[in-house]
Undergrad: 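So that we are looking at the same thing, I have put the structure below in structure tokens.
As the structure is a prediction and not an experimental result, all values here were calculated from the model. All heavy atoms count here, side chains included; hydrogens, waters and symmetry mates do not.
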Amino acid sequence: MDVTLHLAQDPDADELLGRSPLAALVGMLLDQQVPMEWAFKGPRTIADRLGAADLDAHEIAARDPEAFAALLSEKPAVHRYPGSMAKRIQQLCQYLVEHYDGDASRVWEGVGTGADLLKRLEELPGFGKQKAQIFLALLGKQLGVTPKGWREAAGAYGEAKSFRSIADITGPESLTKVRAHKQEMKAAAKAAKAAGTK
């Protein structure tokens, strides 16, 4: 893995995401209830605070939970909910150590089909179906991980030339399109909810 991603809209943070499978997974885990750029800048911030060039699943899994939560809580905080996200990151790293010897890339390396890969991603702590499908689409569209049937397994997020999620962001222009799509979806959901209450 060594590509240029544009998710954090920050060169140092995006460089780490593009070369570090664990950083990409942690960024995806953080991508909830905060702006996308904030979430994907998180792995770089954590690495910097650990005094490391990359994230290490073994090291994070073994850290004292209170000390790790404090590290994420330092200003500026890594997430709106740094304590609960610190716990989730440690759970993810512990799972990777237990099942993949701490090597995040083994989650997708050598996997036979998109359905198998989706199943593996859904088994990761903190990854529900939607998050797993979005990450699968990111792997396929930008990171060259394209097992048979990956687009189908990623659902709508796997569609070519769509602007639905972080998987489709390759720069400022596509970021604007994805944001517009998300606003449309929120407005439609709000309208549907309002119609249902009448």
Side-chain angles (χ1 to χ4, degrees), residues 1-10 13-43 55 57 88-89 92-93 95-96 99-100 103-189 191-192:
M1 225 173 99
D2 195 7
V3 299
T4 302
L5 293 177
H6 300 276
L7 305 177
Q9 303 290 304
D10 172 284
D14 282 329
E15 184 274 332
L16 178 62
L17 294 170
R19 70 174 160 83
S20 168
L22 179 56
L25 278 177
V26 168
M28 189 74 221
L29 185 66
L30 290 169
D31 189 20
Q32 58 189 53
Q33 298 173 305
V34 294
M36 175 203 76
E37 297 93 331
W38 185 4
F40 283 97
K41 197 172 178 182
L55 300 181
R88 285 185 177 196
I89 292 168
L92 173 65
C93 289
Y95 183 90
L96 291 170
H99 295 87
Y100 298 101
D103 182 353
S105 67
R106 286 177 54 188
V107 173
W108 51 85
E109 278 176 4
V111 73
T113 67
D116 290 342
L117 178 49
L118 180 63
K119 185 174 181 288
R120 283 187 182 188
L121 290 168
E122 286 183 292
E123 288 168 353
L124 297 174
F127 278 67
K129 183 168 186 178
Q130 185 181 31
K131 196 175 280 282
Q133 284 186 311
I134 291 170
F135 194 79
L136 174 52
L138 178 68
L139 287 170
K141 290 179 176 183
Q142 297 196 46
L143 300 172
V145 178
T146 55
K148 188 173 187 245
W150 72 270
R151 284 190 188 275
E152 292 75 10
Y157 301 108
E159 289 173 10
K161 296 187 175 79
S162 67
F163 295 96
R164 293 180 186 277
S165 73
I166 57 116
D168 305 304
I169 296 171
T170 54
E173 192 181 322
S174 51
L175 171 60
T176 303
K177 289 180 180 177
V178 168
R179 282 236 158 89
H181 173 78
K182 288 190 172 190
Q183 285 172 342
E184 284 170 26
M185 298 311 291
K186 274 187 183 168

Undergrad: Tell me the closest heavy-atom pair linking Gln142 and Ile169, and the distance in Å.
TA: NE2-O, 3.0 Å

Undergrad: Nearest 0.5 Å please: distance from the CG atom of Leu7 over to the OG1 atom of Thr170.
TA: 10.0 Å

Undergrad: Quick check for you: to the nearest 0.5 Å, what is the distance between Leu117 atom CG and Glu122 atom CD?
TA: 10.0 Å

Undergrad: So do Trp150 and Val145 actually touch side chain to side chain, heavy atoms under 4.5 Å?
TA: no

Undergrad: Any chance you could measure Met28, atom CE, to Leu124, atom CG, to the nearest 0.5 Å?
TA: 11.5 Å

Undergrad: I need the minimum non-hydrogen distance between Ala8 and Ala13, along with the two atoms involved.
TA: CB-CB, 3.6 Å

Undergrad: Grab the two heavy atoms, one from Ala156 and one from Ser162, that are nearest each other, plus how far apart they are.
TA: O-OG, 4.1 Å

Undergrad: What pairs with Glu159 under salt bridge (charged side-chain N to carboxylate O under 4.0 Å, His left out), at least two apart in sequence or on another chain?
TA: Arg164

Undergrad: Can you name the residues that form a side chain to side chain donor-acceptor pair (under 3.5 Å) with Glu152, not counting sequence neighbours?
TA: none

Undergrad: For Asp31 and Ala39, which heavy atoms make the closest approach, and how far apart are they?
TA: CA-CB, 3.5 Å

Undergrad: Which word best sums up how the rings of Phe127 and Phe135 line up, parallel for under 30°, tilted for 30 to 60°, or perpendicular for over 60°?
TA: perpendicular

Undergrad: Mind checking side chain to side chain contact (heavy atoms under 4.5 Å, CB included) for Lys148 and listing every partner two or more places apart, or none if nothing turns up?
TA: none

Undergrad: Name all residues meeting the side chain to side chain contact (heavy atoms under 4.5 Å, CB included) criterion together with Ala167; count only those two or more places apart in sequence or in a different chain, and write none if there are none.
TA: Ala137, Leu138, Lys141, Ser165

Undergrad: To the nearest 0.5 Å, tell me how far Tyr100 OH sits from Glu109 CD.
TA: 11.5 Å

Undergrad: For Cys93 and Leu22, run side-chain contact (heavy atoms from CB on, under 4.5 Å): C-alpha distance rounded to whole Å, both residues' side-chain angles, the deciding distance at 0.1 Å, then the answer.
TA: CA-CA 9 Å; Cys93 289; Leu22 179 56; 4.2 Å; yes

Undergrad: Taking all non-hydrogen atoms of both residues, which atom of Trp108 and which atom of Arg120 are closest, and how far apart?
TA: N-NH1, 4.3 Å

Undergrad: Counting only heavy atoms from other residues, nucleotides and ligands, does the tally under 6.0 Å from CD of Gln130 exceed 12?
TA: no

Undergrad: Under the side chain to side chain contact (heavy atoms under 4.5 Å, CB included) rule, collect the residues that match up with Ala153, sequence neighbours excluded.
TA: Leu118, Leu136

Undergrad: What's the spacing between Glu37 CD and Asp10 CG if we round to 0.5 Å?
TA: 10.5 Å

Undergrad: Dump the intermediate steps for side-chain contact (heavy atoms from CB on, under 4.5 Å) on Leu175 and His6, then the final yes or no.
TA: CA-CA 9 Å; Leu175 171 60; His6 300 276; over 6 Å; no

Undergrad: Short question: side chain of Lys131, backbone of Gly126 - any donor-acceptor pair under 3.5 Å?
TA: no

Undergrad: Can you see which heavy atom on Ser174 is nearest to which on Asp168, and at what distance?
TA: CB-O, 3.4 Å

Undergrad: For Asp116, enumerate each residue passing the salt bridge (charged side-chain N to carboxylate O under 4.0 Å, His left out) test, keeping only those at least two apart in sequence or located in another chain.
TA: none

Undergrad: Set out, in order, the CA-CA distance, both residues' side-chain angles and the distance that settles side-chain contact (heavy atoms from CB on, under 4.5 Å) for Leu5 and Ile166, then state yes or no.
TA: CA-CA 10 Å; Leu5 293 177; Ile166 57 116; over 6 Å; no

Undergrad: Decide yes or no for Leu30 and Pro43: does some side-chain heavy atom of the first lie under 4.5 Å from some side-chain heavy atom of the second?
TA: yes

Undergrad: Hey, could you give me the CG/CG distance between Leu55 and Leu96, rounded to the nearest 0.5 Å?
TA: 11.0 Å

Undergrad: Taking Pro172's backbone N and O only, do any of them form a donor-acceptor pair with Thr176's side chain (distance below 3.5 Å, no angle check)?
TA: yes

